[in-house]
Amino acid sequence: MDNEIIGQLSETINNFNINQFVSDVDRCIQAWNAPDSDKKTDEKLSFFKKLGFSRKPRFPLDKEKDGILRSAQNDIAEAIERESDAICSRAALLLKYLGEFRFVRNGHPESDEKILPYFRKIKQQQQTLVSEISDETEMIRNIIMQSEQMRNLVKSHSERLQQTAFMLGIIQERLARRSSAMPVLLLPSDKNEIKNTHQAYHDDLFKDSCNEIEQRKQKIIAGVRELKDGWNLLEKLLKKGCGRSMRKKLDMLMNRHDLRVSEFQKQVAECRERYGFTAAEF
Amino acid sequence: MTDHNRAESGSLMNADEKLDSIISKYGAQSRPAASTAYRHLATPYSRTVQSDSFKAESLQKVVDEIKVIEDGIKAIIASRTKKIVEEKVPVQKQRPAEYNAFDKMLVSVGLKKQQMETYTDYEIVRKELPRNPDEVLVGEFRSMIEDYIRSLKGLNEGLRETVIEVDSIVKNLTQVSDSFTDQIHSDRRAYDAQIKYSKEIETQLREIIPIHENMSPIHERYAEVEKIRDHLEMALRESQGMELKYKTNIDMGVKYQSALKSYRTLIHDFKERGDIHVNMVDKFAEGASHMKIAVDNVSQICSGVAKVTQSMIMIVESIDDGNRVLGRYAALIGDQISSSPQWEMEYSALKEAEVAYHKNEEVRLKQIEDNRQEIEKLATRGTEKLLPPSAA
């Protein structure tokens, strides 16, 4: 067995670290769920009302502070992008190494009947796991990027909408005062309507995304753990041979692997059925 | 003379009877000798001493009504405005006491303490008081409404601009939604392509797996076959992974697009509501300016009617005066009228009265003419600006 290759693989696998990524994702979700500076905005609104603002108010958001908040959010997003790219490239590298990893001893293919099947299986397990980790990471990254875009879009509108709602409220108030002259003004006047629907929009959509991200994140974490376990077993197998306790652990690992593979195939088939060959609805 | 008149105009009956009674009254007293000069004055006057009592009550009613309207407007203005009165109010204040030079030096050195004394100062305080309708001029209504319209219009302009901005938001959202649709379409096409590719690999694998299983590991091409199988398996896993990725993207796109669409609908409704408000306020301002013109017209009509009434009253007075003069003349008509000192006195008095009448008449006519011109001016101005006061 080529110790160099084993050493290389060992190093790569044991150093396969997703902690930075996971913590970035957690930070991102936390930032999403953090309540906006809504309370501050409310206070500002009432202040201007007290002044009896009669001219068009330039709705003064705390631009500097918002700018800082926004750039912090952008930082997180960028970090996630970087990390996920790093993970995917590491995974690709690992796959390459695993692909070249052959059961050879001193240049000749080994044919140890007991070890070979296990070797193949574990290699497959490792490969599957690495692919899974890479895929899930990429999907989490896509979800986050998409959500960020949406959030930024909605936020960019919120200032204008609040301004409009503010002015609309003032005019409604003025006209209601002289309601004897204008009996027609029976439109619903919920000043917080825009804000409430904002919240609803946020909550529904982003809660879904957050749940999905959480699930995939857990998958990744479990996957990395299993990857490392599997590699350790393989190393021991190659160095010490196939003992009984070893075999039990190997069998457990293999079962899990088989389960995972069948889950995957089922998912692929389901998706193909639902999306693959149906006529384009969009 | 009287018989002749009676025959001429039956409607002059009352006048002739009146005339008869006056003449008989004077006839009872000494009848001076008639002089020819006075005789031929009789004819023109005796015919025209007649007038119906002028019914001025109806006109007065109109004037009263208009006064009511004016008072109402004044009351409204009084209730909505306040007058500001400045009052001088005595206030106690403190100031440092005045010292002579020596004491001042002591103070600056610190040996003497600067005392403060209180004095009474007057401050001007502005108080807001409610107003009496009597203090109000109807013309204030115009400035009141103009201020109101101006402030409303200013606000409305602001709202209009923001509504336009909201409209641009709606357009932006439409663009984003469309780009979503494009993305979803391309993802689906890519997904279909990926599935096709996966199926190809599956077919190839199905071929090679039995070959690999049935080969012995010491076969010279075993390594090659194993390599190919591994490679195909990897490729398949990768391809299937891509399928799932595309599917996730499509799901996400659909979800976000539908949320975006409902969000856009909400913003669109909001914008519509803003539009409605802007239009309403425009109409309201229009109506208010109509009201302003209407009130202007009302006050003009008020003054016009007052002038008409005045003119007519003057006409009536003139007629009354004239009647009086003519009556006195008629009283002196008759054959038995002769020149006597009483007659001379009466006649000169009459002459004076006639002169006075003519003078007053001139003044009155002038005034009536002035009134008429002013009314015409008001009328032309009114017809220029007159718009039907719309129900705002």
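Chain letters run A, B, ... following the sequence lines, proteins first, then strands; residues in each count from 1.
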Per-residue contact mode, [X] against chain A (heavy atom under 4.5 angstrom):
| X | answer |
| --- | --- |
| B:Glu233 | side chain |
| B:Lys271 | neither |
| B:Lys255 | both |
| B:Gln240 | both |
| B:Arg229 | side chain |
| B:Asn156 | both |
| B:Val278 | neither |

Handout entry: Candidate list B:Glu202, B:Glu200, B:Lys199, test side chain to side chain contact (heavy atoms under 4.5 Å, CB included), partner B:Leu236, passing option
Key =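 Testing B:Leu236 for a side chain to side chain contact (heavy atoms under 4.5 Å, CB included) against B:Glu202, B:Glu200, B:Lys199 leaves exactly one candidate, B:Glu202.
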Handout entry: Parallel, tilted or perpendicular, as decided by the 30° and 60° cut-offs, for the rings of A:Phe206 and A:Trp32
Key =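 Answer is perpendicular, since the angle exceeds 60°.
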Practice task
Report the relative orientation of the aromatic rings in B:Tyr222 and B:His212; use parallel for angles under 30°, tilted for 30 to 60°, perpendicular for over 60°.
Solution key: parallel
Practice task
Run the salt-bridge test on B:Asp147 and B:Arg150 with the 4.0 Å N-O cut-off and return the result as yes or no.
Solution key: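 Looking at B:Asp147 and B:Arg150, the cut-off is met.
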If we ignore angles and hydrogens, is there a donor and acceptor under 3.5 Å between the side chains of [X] and [Y]?
| X | Y | result |
| --- | --- | --- |
| B:Arg237 | A:Thr128 | no |
| B:Gln257 | B:Thr181 | yes |
| A:Gln218 | A:Glu214 | yes |

Under 4.5 Å heavy-atom distance to chain B, tell me which part of [X] shows up: side chain, backbone, both or neither.
| X | result |
| --- | --- |
| A:Leu153 | side chain |
| A:Glu136 | neither |
| A:Gln124 | side chain |

Heavy-atom pairs under 4.5 Å with chain B: which of [options] has the most?
| options | result |
| --- | --- |
| A:Gln149, A:Glu138, A:Glu212, A:Glu132 | A:Glu138 |
| A:Ser147, A:Ser134, A:Gly99 | A:Ser147 |
| A:Met139, A:Lys123, A:Glu100 | A:Met139 |

Fill in the blank from the handout: Between A:Cys210 and A:Ile29, the two heavy atoms sitting closest are SG-CG2, 3.8 Å
Problem - Minimal non-hydrogen separation, A:Ile122 against A:Gly230, with atom names - result: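 Of all heavy-atom pairs spanning A:Ile122 and A:Gly230, the closest is CG2-O, 3.9 Å.
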